[in-house]
Amino acid sequence: MNNKVNEHLKQLIREAVQKSIQDKSFDSKEIPAVILTTPKNPEHGHLSTNIALQLAGFLKINPRQIANLIVQEIDKKNETIIKKIEVAGAGFINIYLKSTVLHQVLNEIMIKGEHFGCSDIGKGERIMIEFVSVNPTGPLHVGHGKCAAVGDALAKILKAAGYKVTTEYYINDHGKQMDILGESVLARYRELLGEEIEFPENGYQGEYIGSLAKDIKEEYQEQFSDKDVLANIQFFKEYARKKILQDIRDDLNTFGVEFDNWFSEESLYISNKVQPVIEQLLKEKYVYRHKGALWLKAAEFGDEKDRVVIRENGEPTYFASDIAYHDDKYKRGFKTLIDIWGADHHGYIKRMKAAIKALGYNPDSFQALLVQFVTLIKEGKIVGMSTRGGKFVTLKNLLEEVGKDVARYFFLMHSHDSHTEFDLDIAKSQSMENPVFYIQYAYARICSIIKKGKLNDIVLDDKIKEEINLELLNKKEELELIKKLANFRKVVEKSAINWKPHMVASYLHELAAEFHKYYTEYKVISEDKNLSGARLYLVHCVKIVLENALSLLGIKAPEKM
RNA sequence: GCGCCUGUAGCUCAAUUAGGAUAGAGCAACGGACUUCUAAUCCGUAGGCUGGGGGUUCGACUCCCUCCGGGCGCGCCA
């Protein structure tokens, strides 16, 4: 229900609880918070609370008895919005609202439009979400796609819930990996020139390396044929970095993912931000020297063991720049840091938290959201995904095969922390098995109804909106649909609090189902102009909510299919 | 060995912010509904000891312990 109604009822219940407890002189140090839920079963009313059951816990009294007392108190007040209030089951209190309260929801949706579903539970708190962040040594694959979808949707959901969100991509463009990248491309280039060379031991095997070499050869001919390898490698490294990074940006763009910031690891060194942080930790004695290297006392802060920050050879580790990077995030004013990582990085969480504690920040303000792996299924078989050999399905491939909307929905429809399957054949099929089309179809159907309304001179202009009689919406399916719509804001809030975008995806499917059911049962546009107007009003609200929910997931709402 | 994730219908997954009412959808199976605003839809039937066992309580898919099965980690790699 709308927020005001909810708060009002909660207050009402709270007072009734206090009153009934006072009267019976129960000792109640702490009354639990009133929780109002919307029951799945329509027979359980529009709203329900389990407060009596919770009270029974520490009052040691029959919950139904308490519930009865509370209901009596509320009944005395003669609330205008309540149709019926009763005790049911083990001691639940079910509330039935007057239909005008439900209808009011539709007006709210109409007025708020694209903002319906937004709330301010985030209170403007600044959150940084960092995701994808793969080093520019190769193309994005399917696994990165899931991280991208989750991060992007989460950012949108948190924004809708009133947080001030910044998204960032951390470019790991410093260190050995980049050198190996340069060497790999150079090696392929020299092969193209007909030289017999040994491919670097840990070199990148993927085909894209060869194609980069080819590009260079076409553009620069044999300019780098001399044996001054060291001088050339710098060029190859830089060339490959730029090119691959650009490809990553392009892929993400087609995937509908845009970042507020791209933050380069190298830039931390250029602006000298790593060294001071290490020195600070050294001064505070959280870093010590051992076997020629510098170690962070990570074990002291909850990690399994201490970790090297500066190697024996004087080179900082990846961890060192990561500490500086996260320190920088806090210094930029973010209160909560969310890093979205692939599940294979979970071992890194304790280390990172230890560092954050050592820096003097609250370790709870940093959270790593682990995204479990996706298993790709093609023709009923698992598609192997070995990164090492350079054999993997790229995000680009996937997008070419199934398109942005389908890919995003498939990544988002299941909880990010359970490992799930991605069936390419279902994703590609334009059939009933495909939930994306099911949802989009609902939207397209509404557009079609609106079009038909126009042909019959039934249009929702301001005048009609004024005259509309929402009481005509009294069918069971209509009231269920309205209840579903009313729930949207709660769903967004919950999805934001739990950092679980899939909740919005599930909701979308449920809303679409509710609409399809209604659609087959009743005609919106009919001879009866008043009824048509009211129903058109209703489906227009469904359209708005479908659109809002889809946009939180970054999926298109097509007018025609 | 230690750590993180996970086990729910034949298959793929849900289950409402610290436990709540009869554990829900989709697909597949079977039987129905198109002169209609798009049948990419809807209605019905069938399908479950929520991996096993114990515990906590008015009440457990949810919390605790234990065992079994699957995935992933445990570098002076990133």
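Just so we're on the same page: letters track the sequence lines, and every chain starts at 1. Quick note: numbers below take in every heavy atom, side chains included, and nothing from hydrogens, waters or symmetry partners. What you are looking at is a predicted structure, and each value in this text was computed from that prediction instead of being measured.
- The pair E312(A)-K291(A) does not meet the salt-bridge criterion, since no charged nitrogen lies less than 4.0 angstrom from a carboxylate oxygen.
- The side-chain heavy atoms of V436(A) and F410(A), taken from C-beta on, include a pair separated by under 4.5 Å.
- Using a 4.0 Å cut-off on heavy atoms, the residues of residues 293-306 of chain A that approach RNA chain B are A293(A), W295(A), K305(A), listed by number.
- Taking only side-chain nitrogens and oxygens, H502(A) comes nearer than 4.0 Å to OP1 or OP2 of A15(B).
- Applying the 3.5 Å distance criterion, the base of G3(B) shares a donor-acceptor pair with the side chain of H346(A).
- Between the base of A21(B) and the side chain of N94(A) there is a donor-acceptor pair shorter than 3.5 Å.
- The base of G70(B) sits with one of its N or O atoms less than 3.5 Å from a complementary donor or acceptor on the side chain of H419(A).
- Checking D322(A) against Y348(A) by side-chain atom types alone, a donor-acceptor pair falls below 3.5 Å.
- Classification of K517(A) and E477(A) as a salt-bridged pair fails, no side-chain N sitting under 4.0 Å from a carboxylate O.
- Side-chain contact of D417(A) with S415(A): a donor-acceptor pair under 3.5 Å is present, judged by distance alone.
- Salt-bridge check for D179(A) with K237(A): passed, with a basic side-chain N closer than 4.0 Å to an acidic carboxylate O.
- Against the 90° criterion about 0, the sugar-base torsion of A18(B) places it in the syn range.
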- For RNA chain B, just give me the dot-bracket, please: Watson-Crick or G-U, both distances below 3.5 Å, ( ) intra-strand, [ ] crossing earlier pairs, | paired with another strand, . unpaired. (((((.(..((((......[...)))).(((((.......))))).....(((((..]....)))))).)))))....
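- Here K350(A) does not reach the OP1 or OP2 of G3(B): none of its side-chain N or O atoms lies under 4.0 Å away.
- Ranking C13(B), G20(B), A39(B) by closeness to the S418(A) side chain, first place goes to C13(B).
- In this model, no side-chain donor or acceptor of T317(A) finds a partner on the base of A78(B) within 3.5 Å.
- With F515(A) as the aromatic partner, R445(A) does not meet the cation-pi criteria of under 6.0 angstrom to the ring centre and within 45 degrees of the ring axis.
- Applying the 90° criterion around 0 to the glycosidic angle, C34(B) comes out syn.
- The base of G20(B) sits with one of its N or O atoms less than 3.5 Å from a complementary donor or acceptor on the side chain of N50(A).
- At the phosphate of A78(B), neither OP1 nor OP2 sits under 4.0 Å from any side-chain N or O atom of R351(A).
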